[in-house]
Amino acid sequence: MIAEVIVDVAAATVDRPFDYEVPELWQNLVVPGMRVEVPFGPRALLGIVVATKEESDLTRIKPIVRVLDEVPTYTEELLELSSYLSETTLCYQATALLAMLPAALKVSYDKLILTETARFSHWNRKKISQFPSEVQQEILLAARQGEVELQPVIKEKKTTKTDKRIRLLDPSVPLSSQATKQVLLRDYLIEQKETMWSQVMHELDLTLSIVHTLERKGVLSVETVDINRNPYEHLTQDIFTPARLTDDQQAAVDAITAPDETATFLLHGVTGSGKTEVYLESIHAMLERGRQAILLVPEISLTPMMVKRFKRRFGERVAVLHSGLSLGEKYDEWRKIAQGEVDVVVGARSAVFAPLTNVGIIILDEEHETTYKQEENPKYHTRDVATWRAAFHHCPVVLGSATPILETYARSQKGVYQYLPLKERFGGELPPVDIIDMRKELERGNRTPFSLPLIEGIKQRIERGEQTVLLLNRRGYTTFVLCRDCGETLQCPHCAVNLTYHQQADRLKCHYCGFEAAMPKECPSCSSKKIRQFGTGTQKIEEELAHLIPEAKIIRMDQDTTSRKGAHEKLLNAFERREGNILLGTQMIAKGLDFPNVTLVGVIAADATLGIPDFRASERTFQLITQVSGRAGRGELAGQSIIQTYNPEHYVIQTAKQHDYETFYNREMQLRKLGGHPPFWFLGLITISAAHPLEAQAEAEAIAAQLRHLESDDLVVNGPLDAPLARLKNMYRQQVIIKHKGQEEVREALRAMLALRIKQKIQVTVDLNPFVFM
DNA sequence: AGCACGCCGACT
DNA sequence: GTCGGCGTGCTC
Ligand SMILES: [Zn+2]
Ligand SMILES: [Zn+2]
């Protein structure tokens, strides 16, 4: 038997199946979807069996050396999905396949040192990676001289937690009466017949050698078994009383759960309109029919509270996949799904690949969130994968948001998606939104970043024992370093960006490549001492606020205070326990918005995002303000939001204040049409990077020229231009943007272009649904 | 992507 | 004469 195998190499020249012989021993064992170890040239690689056949056209075929799975890791569906992904996002199939797996099922590569030379015996049978690089050089030299052999090995990352099942075999074997521990265990087993090592280890105070001795004597048998870690062990299912649904909610549930429904729905409802109840009820209905559900949420809203809510509602048959879990825990959750032990999967982007076999509904909550788009290969959008899987399983997709992206809303208007509005809001009207004109504050002589009404509002909340969340729009709160004599700003030596000053460490950092340096004492170009940081960092803002409101207890969340693992949760918990009365930070504070004691939300520079040269800047600002202002005062207490801006009459600010999506949409659509942007056009972003700027430019021009042959009324090629991030990690970057109407030929042309333009040292990447244009 | 093989410049 | 630079080609 022959297996067709995709090897774990991301390169165009090997982006196809390779034939391998299946050894006699595994003839009936190896099936498509299994991970195997295969020899590939001089290497040993992870491979994925995508098909089997009886014969191959080739004469020299190597055998599979190891089968890594007992049951296939990929279902037939997921194998098909990987083809769809590689075709539509123009990535290699290996990349698509690997992206669908939890990290624990990927492998690392190493080399085993084998030597008979006495001089090198201290290396024998050790892995090369355990030695420092200078020793590795010596080893490679010895290998070249034939003194040692390097055998490529692959190592699985999965660490299944195991236990030992101990069974009594023969109690009549004579034991020395002095071997008290052995007798103890035997007598225990005579009573219990079988036990687990983890149980008796402490109870009888045993060591493993005692067990092994008894195993050798034939008294008992030992079997290693996998056990599942359960990070949510303490949570049990509540007795569930169905929520009373509003008419809107009921209508939505009825539409979504109609028999044989396969549509994509847009569930459009403001914060507090009860989208979650619609999700829960729809999932419940699908489970009743014996089908399964995937609920996708942005990583940021995957809070312990949310997890608890789902565990309580659906009990043990829920798997939650999120970044807070360890590698092993993620793998355990994944395995529970694969083994059919769960019916509901809740998770962020990659949970859309959950290996369920009978999906009845897929939900994307907060569908406008940009984290649903993966920015590395495969550059997929979760919405597209969800739609594909729903088509495979003949089931509906639900897209939920208060602020759907224009593409989604437009599709619902055209009838491509079914529109399900939720108009009623629990707790009545949306909280009032006050727009503060910061120009007037400036005229009044207020030069702080905080308007008078905001300061008064915060003081009032502190008096009443309530809390405030202050959102800093990340843009505009970074500090750079400038020389006041020569005007030089300090740049990253590897990238075309300013270095950011970090007050905490008194160091300079590059956010793109990780470069770090000490803050210089003098200007590197003119040696002037008049060099210092400019711009207002979050720490500076905190200091100003503390100065204005001395009684405030401020919890600041930014890169500096949350870099340590778990610090994020810790700060949020402290805020929830009311150990602070102000939570100050960038977008990462969003989780704090749902705390019931928060009655004031302030957005410090709401329009900082408006100035970004990105056609989605208005949309993002609208989303931010609407999402934030819908949330204050979700508990018993009345809420308020204060939006500070220098553009109070801007349509984004005005429509967001009124929570008027419709007007915003109409206005924004006009601008998108005029500007030739999505949803009126599809985009393709081609990024070309090379070590030399002229190389990159020449290649980009060649690519643009080639694509211009396709130009028509429905296809426009822009560029090449310097990328906004013109240099990254010492590579110069050019961009070509192709605007089109969704023609199939575009993808084919780009695929052909990628296949043709494989020059070493010049990198070309394509994103067919770009959201980040850096 | 790696890794080997191979063909030219500057070292012992 | 040899070490090592990276250009080229192959991997079932
Ligand atoms: Zn200077
Ligand atoms: Zn950098």
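Lettering follows sequence order; numbering is per chain, from 1.
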(message) The side chain of A:Val14 is closest to which nucleotide in this list: B:dA1, C:dG4, C:dC12?
(response) B:dA1
(request) Starting at atom OH of A:Tyr109, determine the distance to atom C1' of C:dT11, rounded to an integer number of angstrom. (result) 14 Å
(message) I want to check one thing: is the phosphate of B:dC3, taken as OP1 and OP2, less than 4.0 Å away from some side-chain N or O of A:Lys111?
(response) yes
(message) Could you tell me how far apart A:Asn377 (CG) and B:dA1 (C1') are, to the nearest whole angstrom?
(response) 14 Å
(message) If you take the centroid of each ring, where Trp contributes its six-membered ring, are A:Tyr380 and A:Phe353 closer together than 6.0 Å?
(response) yes
(message) Taking the side chain as everything from C-beta on, heavy atoms only, tell me whether A:Met774 gets closer than 4.5 Å to A:Leu728.
(response) no
(message) A side-chain contact here means heavy atoms from C-beta on lying under 4.5 Å apart; do A:Phe18 and A:Glu4 qualify?
(response) no
(request) Measure from CG on A:Asp8 to P on B:dC3 and round the result to the nearest Å. (result) 13 Å
(request) Scan side-chain atoms only and decide if A:Asn377 and A:Thr95 contain a donor-acceptor pair under the 3.5 Å cut-off. (result) no
(request) Scan A:Tyr20 against the nucleic acid and name what it touches under 4.0 Å (heavy atoms): base, sugar-phosphate only, or nothing. (result) sugar-phosphate
(request) Consider the side chain of A:Asp19, meaning its heavy atoms from C-beta on, and name the nucleotide among C:dC12, B:dC3, B:dA1 that approaches it most closely. (result) C:dC12
(request) Starting from P on C:dC10, measure out to CZ on A:Phe18 and report it in whole angstrom. (result) 12 Å
(message) Quick check: on DNA chain C, is the nucleotide nearest A:Leu141 upstream (toward 5') of the one nearest A:Ile61, or the reverse? Name the residue that is more 5'.
(response) A:Leu141
(request) Have a look at A:Pro39 and say if it touches a base, only the backbone sugar-phosphate, or nothing, with a 4.0 Å heavy-atom cut-off. (result) sugar-phosphate
(message) I need the CG-P distance between A:Leu140 and B:dG2, as an integer number of Å.
(response) 15 Å
(request) Go through C:dT11, B:dC3, C:dC12 for me and flag the one nearest to the A:Leu58 side chain. (result) C:dC12
(request) Could you check how far CZ of A:Phe40 sits from C1' of C:dC10, rounded to whole Å? (result) 8 Å
(request) Would you mind classifying the nucleic acid contact of A:Arg43 as base, sugar-phosphate or nothing, using non-hydrogen atoms under 4.0 angstrom? (result) base
(request) Could you check A:Asp767 against A:Lys373 for salt bridge (charged side-chain N to carboxylate O under 4.0 Å, His left out), going step by step and ending with a plain yes or no? (result) CA-CA 11 Å; A:Asp767 189 339; A:Lys373 169 69 194 299; 2.8 Å; yes
(message) Using a 4.0 Å heavy-atom cut-off, does A:Ser56 contact any base of the nucleic acid, only the sugar-phosphate backbone, or nothing at all?
(response) nothing
(message) Can you identify which nucleotide, out of C:dT11, C:dG7, B:dC3, has its nearest atom closest to the A:Pro42 side chain?
(response) B:dC3
(request) Tell me which nucleotide among C:dT11, C:dG4, B:dC3 gets nearest to the side chain of A:Arg144. (result) C:dG4
(message) Please pick, from B:dA1, C:dC12, B:dC3, the nucleotide with the shortest atom-to-atom distance to any side-chain atom of A:Ala11.
(response) B:dA1
(request) Measure the distance from CG on A:Asp15 to C1' on C:dT11 and round it to the nearest whole Å. (result) 14 Å
